[in-house]
Structures are given as C-alpha cells and as structure tokens.
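Some notes on the structure that comes next.
If you read the sequence from its start, that first residue is 1, and numbering goes on from there.
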Amino acid sequence: TPEPDPVAREREELLRLLDTGTTEELYERANRFFDSRDYVNAFQFYQAVLNRDRDHLGALVNIGVCARRLGDVDGAVSWYDRALAVSPNDVVALQNRIVAGMMLGRLDETITFAERLTTLTPGDPHAHQQLGRLYLESGHFSGAVRAFRDATTLDSGNAELHYQLGVASAANDDFRAADRSLAEALRLNPDLRAAYAPKVQVLMFLEQYDAAWNWVAAGQTRGAMFDPDLILALQRLSGQVGPR
C-alpha cells in the first residue's frame, strides 16, 4: 500500500480544522501561520475565526495585517476599522490603522487616530513623534511643533526628535526656536547629517551668515550634503564664497 502523500494529508487536516475546529483552535493555527509569515493561510484561518465570532478583536487586527502584507492596504483599513468599532481604544488596532492610513496618503483622517493614540499612551515619545510627522506632512505646522515638543520632553536625549522639532519650528516660521532645536540635535549627535542643511537655512533667515558658513564647514567634515542652490544663496547674501 503506497504511503499517503504528507502534503495531501496535511491539507486534509487543515480543511477538517476549518470545517470543525473551535474558535480557539482556529485562532491558534492562524497565529502559527502568521508567525511563519504565511499570510495567505493565516488570512484564511482568521476569516474562519471571524465566521464563528465576528467581533474577535485579535483576528480582526491580524487579518488586517495579513491584507496589508499581501498588498491590499485598502482592505486592511476596513479590517482595522471593524476592530476599532469593537474596541475603539485598542492601541494595537490604532497603530496599525495609522500605518495603513499613512501608506495610502490619507493624512488628515489618520491624524484623528494618531491624536487618540497619544491620549491613550501619553508617555510614549514614539506616538507623539508619529503625530508630529503627520501634522508636518499635512501642513499643520503648529500642531507638529506641539507634538515634537511633547516627544522631546519625554525623550530629551534623542537627537532625531530635536531635529524634527527644529524642522517643524522652521516650517512654522519660528526660526529662533528652530535654531535652538537644531543646535541641540547636533550637540547630541554631530553625525546627524540631515540636520546641517536646515541649520544653515535657519541661520540665513536670521541673517547670521558667518555662523551659517561655519555650519557648512562643520557639516562637510561630517559628510553632510548641501544643495548647490543653498550655497549659492548663502554666497549671494553673505558676499562670501566660503567661510572666513
């Protein structure tokens, strides 16, 4: 008698589980597929969980993740919205909804979820940073300043946060505050090359041209890149071709 095909036998077992398994058995198997990054089978088993318990929060969130990983970001949003209808303050569902909304470029609607997340996790600098990025990218500069300021308060030694606060302050036309934040970012991490050009731009707005040239020189020693148009503008405004 030929041995049964192990692949066929496993498939039969999975089909039987889909048909007769309990919610807990199906969810456990779905999670195993999910953890092994088999998102097609995970999606199928989470769907089976939801056929038995339409409000199963874990399955709603994870099936959304599966949809996103399989390229259906719009579908993922629908699953996350269902999860949030079941549990509006679930931070995992909120974070996934924010990620999907950002991927789709739906920034203004995503801000609402990011604001809720900062309310639920007030001590998490990442949540405030995320909100700041959404505000900044959508042109809400004063909101970005508030969010990044909250983030730097929570994590004052994070150079990236000070840099982002500086960029937001400059976008909000508060160049002195931007100068302070960018200086702090570069004090904390002189190798943060992205901060040098904004620092030079802010000093140009403040008409501190010698200082701007000094930061150009400092940035060049660290490998920072400067737009040629920025250097030409500094040359024109300062009457110099380089640092004194």
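Counting only N and O atoms by type, the side chains of E160 and Q129 include no donor and acceptor under 3.5 Å apart. Using modelled atom types and a 3.5 Å distance limit, the side chains of Y135 and E115 yield a donor-acceptor pair. Judged by distance alone, the side chains of N31 and Y46 do bring a donor and an acceptor atom under 3.5 Å apart.
Here N214 contributes atom CG and Q208 contributes atom CD; the two are 11.0 Å apart, rounded to the nearest 0.5 Å. Taken from CG in L136 to CZ in F141, the straight-line distance is 6.0 Å, to the nearest 0.5 Å. Here CG of D227 is found 8.5 Å from CD of Q201. Values are rounded to the nearest 0.5 Å. With rounding to the nearest 0.5 angstrom, the CZ atom of R149 is 7.5 Å from the OG1 atom of T152. Here the CD1-CD distance, from I63 to Q44, works out to 10.0 Å after rounding to the nearest 0.5 Å. Expressed to the nearest 0.5 Å, how far CD of E184 lies from NE2 of H162 amounts to 5.0 Å.
With H140 as the fixed residue, the side chain to side chain contact (heavy atoms under 4.5 Å, CB included) test singles out one of L131, D108, L134: D108.
The nearest pair of heavy atoms linking A30 to A42 is O-CB, 3.7 Å. T118 and A127 make their closest contact through CG2-O, 3.5 Å (heavy atoms, listed as atom of the first residue, atom of the second, distance). In this structure, L161 and P125 approach most closely via the heavy-atom pair CD1-CB, 4.5 Å. In terms of heavy-atom proximity, Y163 sits nearest to P198 at CE1-CG, 4.1 Å. Smallest separation of non-hydrogen atoms from A212 and V200: O-CG2, 3.7 Å. Contact between A159 and L188 at its shortest, heavy atoms only, is CB-CB, 3.8 Å.
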Test log, rule side-chain contact (heavy atoms from CB on, under 4.5 Å), inputs R106 and V77: CA-CA 11 Å; R106 289 154 54 173; V77 166; 3.9 Å; yes
Worked verdict on N62 versus F43 for side-chain contact (heavy atoms from CB on, under 4.5 Å): CA-CA 8 Å; N62 284 356; F43 188 100; over 6 Å; no
Q220 vs F226, side-chain contact (heavy atoms from CB on, under 4.5 Å): CA-CA, chis, key distance, verdict: CA-CA 8 Å; Q220 287 173 336; F226 296 93; 4.0 Å; yes
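Counting heavy atoms from C-beta outward, R133 and Q164 have side chains that approach closer than 4.5 Å. Residues R37 and R69 form no side-chain contact, since every pair of their non-hydrogen atoms from C-beta on lies 4.5 Å or further apart. Put simply, the side chain of D74 reaches to within 4.5 Å of the side chain of D72, judged on heavy atoms. Looking at heavy atoms from C-beta onward, D155 lies out of side-chain contact with H126 at the 4.5 angstrom threshold. Inter-residue side-chain proximity for T22 and R52 is flagged as unmet; no heavy-atom pair is nearer than 4.5 Å. Put simply, the side chain of D55 reaches to within 4.5 Å of the side chain of D53, judged on heavy atoms.
Taking the six-membered ring where the residue is Trp, F45 and F33 present tilted rings, their angle falling between 30° and 60°.
A 6.0 Å sphere centred on CZ of R68 holds more than 12 heavy atoms belonging to other residues, nucleotides or ligands.
Screening residues 75-93 for side chain to side chain donor-acceptor pair (under 3.5 Å) gives D81-R97 as the qualifying pairs, with residues at least two apart or on separate chains. Listed by first and then second residue, the side chain to side chain donor-acceptor pair (under 3.5 Å) pairs involving residues 171-183 are D179-K199 (not counting sequence neighbours).
A centroid separation of 6.0 Å or more is found between the aromatic rings of H128 and F148. Taking the six-membered ring for Trp, F34 and Y39 have ring centres closer than 6.0 Å.
Residue V216 is grouped with residue L186 when hydrophobic side chains (ILVMFWY) are merged at heavy-atom distances under 4.5 angstrom, including chains of intermediate members. Criterion: ILVMFWY side-chain heavy atoms under 4.5 Å apart, direct or through other members. Under it, M102 and V91 are part of a common hydrophobic cluster. One hydrophobic cluster, built from ILVMFWY side chains closer than 4.5 Å, cannot hold both L107 and L104; they sit in different ones. Residues I231 and L203 share a single hydrophobic cluster, defined by chaining ILVMFWY side chains whose heavy atoms lie under 4.5 Å apart. Under a hydrophobic clustering in which Ile, Leu, Val, Met, Phe, Trp and Tyr are joined whenever their side-chain heavy atoms come within less than 4.5 Å, directly or via other members, L117 and V86 fall into different clusters.
Remark: Y209 engages no residue in a ring-ring contact (aromatic ring centres under 6.0 Å, His included) (not counting sequence neighbours).
Side chain of T121 to main chain of D124: no donor-acceptor pair is present (N/O by atom type, distance under 3.5 Å, no hydrogens or angles).
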